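Every chain is numbered from 1 and lettered A, B, ... according to where its sequence line falls, protein lines coming before strand lines. Not measured: the values here are computed from a predicted model.
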There are 2 protein chains.
Amino acid sequence: MKLVQIYQCLCDETRLRLLNLLLEGPLCVCHLQAALAEPQVKISKHLGYLKTRGMVRVSRQGNWRVYSLPPEKERSAELTANLACLQDCAAEQAGFKRDLARLRKLDLVCAPVSVVRGKGKACCN
Amino acid sequence: MKLVQIYQCLCDETRLRLLNLLLEGPLCVCHLQAALAEPQVKISKHLGYLKTRGMVRVSRQGNWRVYSLPPEKERSAELTANLACLQDCAAEQAGFKRDLARLRKLDLVCAPVSVVRGKGKACCN
DNA sequence: AATCTACATTCCGATTGCGGAATATAAACA
DNA sequence: TGTTTATATTCCGCAATCGGAATGTAGATT
């Protein structure tokens with residue numbers, strides 16, 4: 001991943017917000033969607049953008065797709081540096097902090113529907 | 001200057017190379033052009049892009065326009081952090097190092113033509 | 001006054017990016 | 001098997017970006 005490609009991943013507001021959340025750890029799409037309060041297509045498309053460029057990984061867990069940043073050991077020096085820089089910058093800005101706050105309010109367990117049934121919601125919907 | 005706007009300035013190869021050179025100090029267009037070995041329009045347009053977004057300043061010195069990064073005291077924390085990050089990353093990559101090497105080979109004095117006349121060139125042309 | 005020099009701007013055409021509405025898909029569940 | 005759930009993909013229109021060729025321009029030089 002070339003340096004300029006890293007910056008291309010970072011040059012959209014929605015993607016910045018997504019990455020800021022993923023810096024906290026792996027997250028399924030519905031949590032990202034809920035935390036950003038943005039429509040599903042938008043989230044999904046930007047995740048696709050990041051994925052095709054190698055900025056995020058996906059794994060399947062039952063009904064959910066869990067996105068994560070590449071494991072630390074596999075990150076290039078430039079990626080590590082820029083992610084750290086992003087995290088520092090975002091930590092001081094209201095919008096990013098609000099996203100994190102919303103994220104923490106969510107029930108982070110993506111449980112099978114059968115488990116959640118009766119509580120009126122599955123996962124974070 | 002919002003964080004995402006910083007990244008928008010950084011998301012093009014030519015602009016990265018320009019900024020990497022400007023991190024060394026103020027430079028006139030002809031030096032940037034010679035160091036990058038790219039056509040004049042290309043250089044000029046990307047400098048325009050950076051200027052309208054407040055990423056660089058211009059001053060006139062006789063026949064030349066001298067571009068520079070905003071003075072350190074006026075840089076936001078995010079800008080400072082990201083420029084440092086860029087400089088670190090670029091310092092380890094062949095392409096950027098080549099630009100710097102070419103820059104250092106240039107006669108960095110933009111002197112009036114009259115002074116240079118007889119040596120067969122004005123400024124870096 | 002005419003010319004030159006260093007640079008910017010305009011005018012293309014092609015590509016890419018973005019957002020939303022609608023639709024598709026694949027796994028889980030009943 | 002049919003339905004629901006979570007997510008991706010396609011289709012569409014629009015705006016932004018990029019590169020190059022040609023042209024414009026302001027100040028310096030002759």
With the threshold set at under 4.0 Å for non-hydrogen atoms, list the residues of residues 35-46 of chain A touching DNA chain C in residue-number order.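 Those residues are Pro39(A), Val41(A), Lys42(A), Lys45(A), His46(A).
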Checking Glu72(B) against Thr80(B) for the side chain to side chain contact (heavy atoms under 4.5 Å, CB included) test, could you report, in this order, the C-alpha distance in whole Å, the side-chain angles of both residues, the deciding distance, and whether it holds? CA-CA 8 Å; Glu72(B) 298 197 13; Thr80(B) 301; over 6 Å; no
Between [X] ([atom1]) and [N] ([atom2]), how many Å, whole number?
{"X": "Trp64(B)", "N": "dT29(D)", "atom1": "CH2", "atom2": "C1'", "result": "11 Å"}
{"X": "Tyr49(B)", "N": "dA8(C)", "atom1": "OH", "atom2": "P", "result": "17 Å"}
{"X": "Gln33(B)", "N": "dA8(C)", "atom1": "CD", "atom2": "C1'", "result": "12 Å"}
{"X": "Asn63(A)", "N": "dT7(D)", "atom1": "CG", "atom2": "P", "result": "8 Å"}
{"X": "Gln5(B)", "N": "dA16(D)", "atom1": "CD", "atom2": "P", "result": "14 Å"}
{"X": "Leu32(A)", "N": "dA8(D)", "atom1": "CG", "atom2": "C1'", "result": "15 Å"}
{"X": "Tyr7(A)", "N": "dT17(D)", "atom1": "OH", "atom2": "P", "result": "19 Å"}

NA contact type, Gly48(B), heavy-atom cut-off 4.0 Å: base, sugar-phosphate, or nothing?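 Gly48(B): no heavy atom of the nucleic acid under 4.0 Å.
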Whichever of Arg65(A) and Gln8(A) has its nearest DNA chain C nucleotide further upstream toward 5':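 The answer here is Gln8(A).
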Tell me whether the OP1 or OP2 atom of dG17(C) has a side-chain N or O from Arg15(A) closer than 4.0 Å.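 Negative; the distance criterion is not met.
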At less than 4.0 Å, is any side-chain N or O atom of Tyr67(A) found next to OP1 or OP2 of dA6(D)? Yes or no.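 So the side chain of Tyr67(A) is outside the cut-off, no N or O lying under 4.0 Å from OP1 or OP2 of dA6(D).
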Is the positively charged end of Arg65(B) above the ring of Tyr67(B), judged by distance under 6.0 angstrom from the centroid and angle within 45° of the axis?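 No.
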Name the closest nucleotide to the [X] side chain, picking from [options].
{"X": "Arg60(A)", "options": "dG27(D), dA27(C), dA8(C)", "result": "dA27(C)"}
{"X": "Asp12(B)", "options": "dA8(D), dT17(D), dC18(D)", "result": "dC18(D)"}
{"X": "Thr14(B)", "options": "dT17(D), dT5(D), dG19(D)", "result": "dG19(D)"}

Working to the nearest 0.5 Å, report the span between CZ of Arg102(B) and NZ of Lys97(B).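 Atom-to-atom, Arg102(B):CZ and Lys97(B):NZ are 14.0 Å apart.
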I need the Lys42(B) NZ to Arg15(B) CZ distance, nearest 0.5 Å.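 One gets 11.0 Å once the value is rounded to the nearest 0.5 Å.
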Is atom CD of Glu74(A) surrounded by more than 12 heavy atoms (other residues, nucleotides or ligands) closer than 6.0 Å?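 Check passes, neighbour count above 12.
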With side chains defined as the heavy atoms from C-beta onward, is the minimum distance between [X] and [Y] less than 4.5 Å?
{"X": "Leu103(B)", "Y": "Leu27(B)", "answer": "yes"}
{"X": "Leu69(B)", "Y": "Leu79(B)", "answer": "no"}
{"X": "Ile6(B)", "Y": "Cys89(A)", "answer": "no"}

Side chain to side chain contact (heavy atoms under 4.5 Å, CB included) for Glu24(A) and Gln87(A)? Distances and angles first, verdict last. CA-CA 10 Å; Glu24(A) 302 285 304; Gln87(A) 197 165 26; 4.0 Å; yes
For DNA chain C, stems built from three or more consecutive Watson-Crick or G-U wobble pairs below 3.5 Å: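 Stems found: C:1-30 with D:1-30.
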